[in-house]
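Notes to accompany the following structure.
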Amino acid sequence: MNFFDQVYDLVKKIPEGRVTTYGEIAQALGTRDARKVGWALHSNPYEDVVPCHRVVNKNGRLAPNFAFDGPGEQWRRLEQEGITFLDRDHVNLKQHLFVFDSHS
DNA sequence: TAGATGACTAATA
DNA sequence: CTATTAGCCATCT
């Protein structure tokens, strides 16, 4: 089980209408490097398997909009799941942040 | 092997 | 809130 698979496994566990941060995933995996998480999603997102659109940075800001099918695609998917936004690029973390129980 | 890069975070201004 | 710096570490060249 590589780091990548662990990341994908966790991301797949994020329920609909929820989002989480790179830092949360990193900690849940016993590391502190959120960059690795970002790199994992960038490298092999297992498209249609891993809901990477539910992963945002600590500020609630979406990843670069061009990281998916097209600009605004991440936003469209999230809104469709019931996620509320502060603006076009920021999800309402306060309401939708999902935390893994691995590190309490 | 070394240096640059990056879907990040935290501290500081 | 933004901008800058530093820390982090796998991957790329």
Side-chain angles (χ1 to χ4, degrees):
Chain A
M1 191 89 134
N2 2 357
F3 185 86
F4 283 33
D5 294 319
Q6 299 186 53
V7 172
Y8 305 141
D9 194 49
L10 285 177
V11 174
K12 277 190 292 189
K13 284 177 179 158
I14 304 172
E16 286 186 14
R18 295 292 198 109
V19 294
T20 194
T21 66
Y22 297 94
E24 277 298 323
I25 297 173
Q27 282 179 50
L29 289 159
T31 181
R32 202 185 289 99
D33 192 2
R35 255 179 185 159
K36 265 193 338 183
V37 178
W39 184 244
L41 295 180
H42 177 201
S43 170
N44 195 354
Y46 279 86
E47 264 183 78
D48 306 321
V49 183
V50 179
C52 30
H53 53 273
R54 294 188 189 134
V55 184
V56 296
N57 66 11
K58 208 161 193 318
N59 229 8
R61 189 145 70 98
L62 269 51
N65 346 23
F66 44 83
F68 295 88
D69 296 324
E73 185 54 23
Q74 183 173 20
W75 171 85
R76 192 186 67 73
R77 287 184 169 193
L78 288 171
E79 191 185 46
Q80 215 171 60
E81 292 184 357
I83 305 287
T84 57
F85 284 75
L86 305 177
D87 63 61
R88 198 43 168 20
D89 283 342
H90 296 71
V91 300
N92 191 336
L93 273 186
K94 193 153 191 199
Q95 188 176 343
H96 300 293
L97 179 60
F98 175 75
V99 197
F100 300 102
D101 45 4
S102 311
H103 61 93
S104 302

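Letters go in sequence order (proteins before strands), and every chain restarts at 1.
Applying the side-chain hydrogen bond (donor to acceptor under 3.5 Å, both in side chains) test to residues at least two apart or on different chains, the pairs with a partner in residues 88-99 of chain A are Thr84(A)-Gln95(A), Thr84(A)-His96(A), Asp87(A)-His90(A), Asn92(A)-Gln95(A).
Following rounding to the nearest Å, Phe4(A) (CZ) and dA10(C) (C1') show an atom-to-atom distance of 7 Å. Rounded to an integer number of Å, the gap from OH of Tyr22(A) to P of dG6(B) is 15 Å. Rounded to an integer number of Å, the gap from NZ of Lys58(A) to P of dA11(B) is 10 Å. Asp89(A) has its CG atom 15 Å from the P atom of dA7(B), to the nearest Å. We find that CZ of Arg77(A) is positioned 19 Å from P of dA7(B), with the value rounded to whole Å. Atom-to-atom, CG of Leu41(A) to P of dT11(C) comes out at 14 Å; the value is rounded to the nearest Å. Rounding to whole angstrom units, CG of residue Asn57(A) and C1' of dT9(B) are separated by 9 Å.
Taking the side chain of Thr21(A) as heavy atoms from C-beta on, and the options dT9(B), dT11(C), dA7(B), the nearest nucleotide is dT9(B).
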Identify all side-chain donor-acceptor contacts of residues 16-23 of chain A below 3.5 Å with residues at least two apart in sequence or on another chain.
| residue | atom | partner | partner atom | Å |
| --- | --- | --- | --- | --- |
| Arg18(A) | NH1 | Leu97(A) | O | 3.3 |
| Thr20(A) | OG1 | Phe98(A) | O | 2.9 |
| Thr21(A) | OG1 | Glu24(A) | N | 3.1 |

Using a cut-off of under 3.5 Å, enumerate the N/O to N/O pairs linking the protein to nucleotides 1-5 of chain C.
| residue | atom | partner | partner atom | Å |
| --- | --- | --- | --- | --- |
| dC1(C) | OP2 | Asn59(A) | OD1 | 3.4 |

Could you list, one pair per line, each protein nitrogen or oxygen that sits under 3.5 Å from a nitrogen or oxygen of nucleotides 6-9 of chain C, together with the distance?
| residue | atom | partner | partner atom | Å |
| --- | --- | --- | --- | --- |
| dG7(C) | O6 | Arg35(A) | NH1 | 3.2 |
| dG7(C) | O6 | Arg35(A) | NH2 | 3.3 |
| dC8(C) | O2 | Arg35(A) | NH1 | 3.3 |
| dC8(C) | N3 | Arg35(A) | NH1 | 2.9 |
| dC9(C) | O4' | Asp33(A) | OD2 | 2.5 |

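Between Val50(A) and Pro45(A) there is no side-chain heavy-atom pair separated by less than 4.5 Å.
Checked against salt bridge (Lys or Arg N to Asp or Glu O under 4.0 Å), Lys58(A) has no partners two or more places apart in sequence or in another chain. Scored by the ring pair (Phe, Tyr, Trp, His ring centres under 6.0 Å) test, Tyr46(A) finds Tyr8(A) as partners (sequence neighbours excluded).
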Glu73(A) and Arg76(A): side chain to side chain contact (heavy atoms under 4.5 Å, CB included), yes or no, with the steps? CA-CA 5 Å; Glu73(A) 185 54 23; Arg76(A) 192 186 67 73; 3.0 Å; yes
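One finds the CD atom of Gln6(A) at 10.5 Å from the OG1 atom of Thr31(A) (value rounded to the nearest 0.5 Å).
In this structure, Asn59(A) contributes its side chain and Arg61(A) its backbone to no donor-acceptor pair below 3.5 Å.
Of the N and O atoms on the side chains of Glu81(A) and His53(A), at least one donor lies less than 3.5 Å from an acceptor on the other residue.
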